[in-house]
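Atoms considered below: every heavy atom in the structure, side chains included; atoms not considered: hydrogens, waters and symmetry mates.
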Amino acid sequence: MIKGLAISTVWVLDQDRAKEFYTEKLGLELRTDMTMGEGGMRWLTVGAPDQPGIDLTLMVPGPPAMDPESAEMMKKLIAKGVLGAGVLRTDDIHGDYKKLKDRGVEFLQEPQERPYGTEALFRDDSGNWFSFTQHREGELDLEKDWSC
Amino acid sequence: MPAFSCAVRAFSRAGSLSVPRATIGNVDRMRQLRLAKDVIDRDWAEPGTDLDTLAARAGYSRYHFIRAFKAAYGETPGQYLTHRRIDRAEDLLRTANLSVTEICHLVGFSSLGTFSARFKTWTGMTPSEYRAKHVGRGAALIPGCYAMLWAGGFRTGPGAGARDGTGAGERNSGEAP
């Protein structure tokens, strides 16, 4: 039986820069940063301090796991900004929006009311977009004619 | 560490290959174009969002910027900006208690005539007709992020013909840079 999500991959363009972005700008904690043998794979994971069971692994597309052509296509898609990496949750969207923005995180959308909560959008330093959402307590709010 | 043994296996399967150096530049250029597109997504209502600003953000000359942007995203920067503004105008017409003129200015157009003409080119209806058709419609439940990225994406399906088949040249003139 599947018990839950443990690790999810976020493809990035540079692990050093991604490590700095995810820990210093987003405030996630570093879980692992180790290299498997001489010149081997660098296993880099981060996660939210309040959620120890879920890691994001920050990986650069490339050989030997991916052929050079595929890796190059992936990198272009990441840089082009078409890939979304997920939804991150907060309990203080307006405060955290300001905090992250002041740290230099590039937002595409300031917090806006949605039926399921209040949502902002930002990009990581590679180009992946994340939804940043404070969940609405209780039921979906369907009273308004929501614009999306 | 059993948790990632599969990933380790994937990474240790083949010998080391290197990505050709010449291709790295493409990723950087794509990133520059994306930064300019992000400016449109964020500041579409700012009257100062013009072609010079966007080209400078991308580090391109105006001429090469327009071509490179279209090659990457399928529309010129001007078309993309118009498309963003019209999408937002559609939202406001459906949901906000504002006049067509107010909405026209809110989404970054200075002339009501140009706004109405562009709106009709994109949607097939004048702003007033659009509002009359959508009044009282129910809530949309698609998360805003997906809707926004969907709206920013490439036109496909039945809507594409209606929007892209009419006056593609016109859309790139007037209000848009």
Side-chain angles (χ1 to χ4, degrees), chain A residues 6-7 9 13 32 34 36-37 39-43 45 55 57 59 61-69 71-72 74-82 84 87 106-110 112-117 119-121 123 126-127 129-133 140-148, chain B residues 1 3-4 6-20 22-24 26-35 37-43 72-73 87-88 90-96 134-154:
Chain A
I7 304 177
T9 304
L13 298 178
T32 328
M34 58 186 294
M36 323 297 271
M41 182 187 81
R42 180 174 174 191
W43 180 249
T45 64
D55 293 349
T57 173
M59 303 248 239
M66 206 182 278
D67 64 273
E69 291 74 24
E72 198 53 34
M74 273 297 282
K75 286 182 179 176
K76 276 172 110 168
L77 291 174
I78 295 165
K80 190 172 176 178
V82 296
V87 180
E106 286 238 14
F107 277 84
L108 292 178
Q109 179 193 289
E110 58 191 23
Q112 291 184 358
E113 296 298 320
R114 302 290 178 204
Y116 45 85
E119 178 179 47
L121 292 178
R123 286 202 192 279
S126 295
W129 59 269
F130 280 93
S131 160
F132 189 44
T133 299
L140 286 171
D141 179 357
L142 299 176
E143 290 304 304
K144 292 184 211 170
D145 184 7
W146 292 93
S147 72
C148 267
Chain B
M1 289 181 205
F4 54 87
C6 56
V8 173
R9 269 204 301 280
F11 270 81
S12 52
R13 214 183 297 130
S16 73
L17 298 162
S18 63
V19 176
T23 58
I24 300 296
N26 289 336
V27 173
D28 283 343
R29 280 202 295 276
M30 197 59 85
R31 177 173 177 275
Q32 292 303 114
L33 290 172
R34 189 201 80 230
L35 290 174
K37 179 170 169 285
D38 286 351
V39 171
I40 301 179
D41 287 338
R42 193 170 48 235
D43 301 329
Y73 295 108
D87 280 339
R88 192 52 53 180
E90 289 181 44
D91 284 346
L92 292 170
L93 285 164
R94 282 199 308 267
T95 61
H134 286 90
V135 84
R137 289 286 291 270
L141 263 185
I142 306 165
C145 55
Y146 292 99
M148 176 173 166
L149 286 144
W150 181 253
F154 301 102

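- In this structure, chain B has a heavy atom under 4.5 Å from the backbone of A:F107, while its side chain stays farther away.
- The shortest distance between side-chain heavy atoms of B:R34 and A:V82 does not fall below 4.5 Å.
- To the nearest 0.5 Å, atoms NZ (B:K37) and CG (A:L108) are separated by 8.0 Å.
- Between the side chain of A:K80 and the backbone N or O of B:A72 there is at least one donor-acceptor pair closer than 3.5 Å.
- Taking CZ from A:R123 and CG from B:L35, the interatomic distance works out to 8.5 Å, rounded to the nearest 0.5 Å.
- When each of A:Q112, A:E110, A:E106, A:E69 is scored by its heavy-atom pairs under 4.5 Å with chain B, the top score falls to A:E106.
- With rounding to the nearest 0.5 Å, the separation of CG in A:L77 from CE in B:M30 is 8.0 Å.
- In this structure a side-chain-to-backbone donor-acceptor pair under 3.5 Å is missing from B:R31 to A:A79.
- With a 4.5 Å cut-off on non-hydrogen atoms, A:S126 touches chain B through its backbone but not through its side chain.
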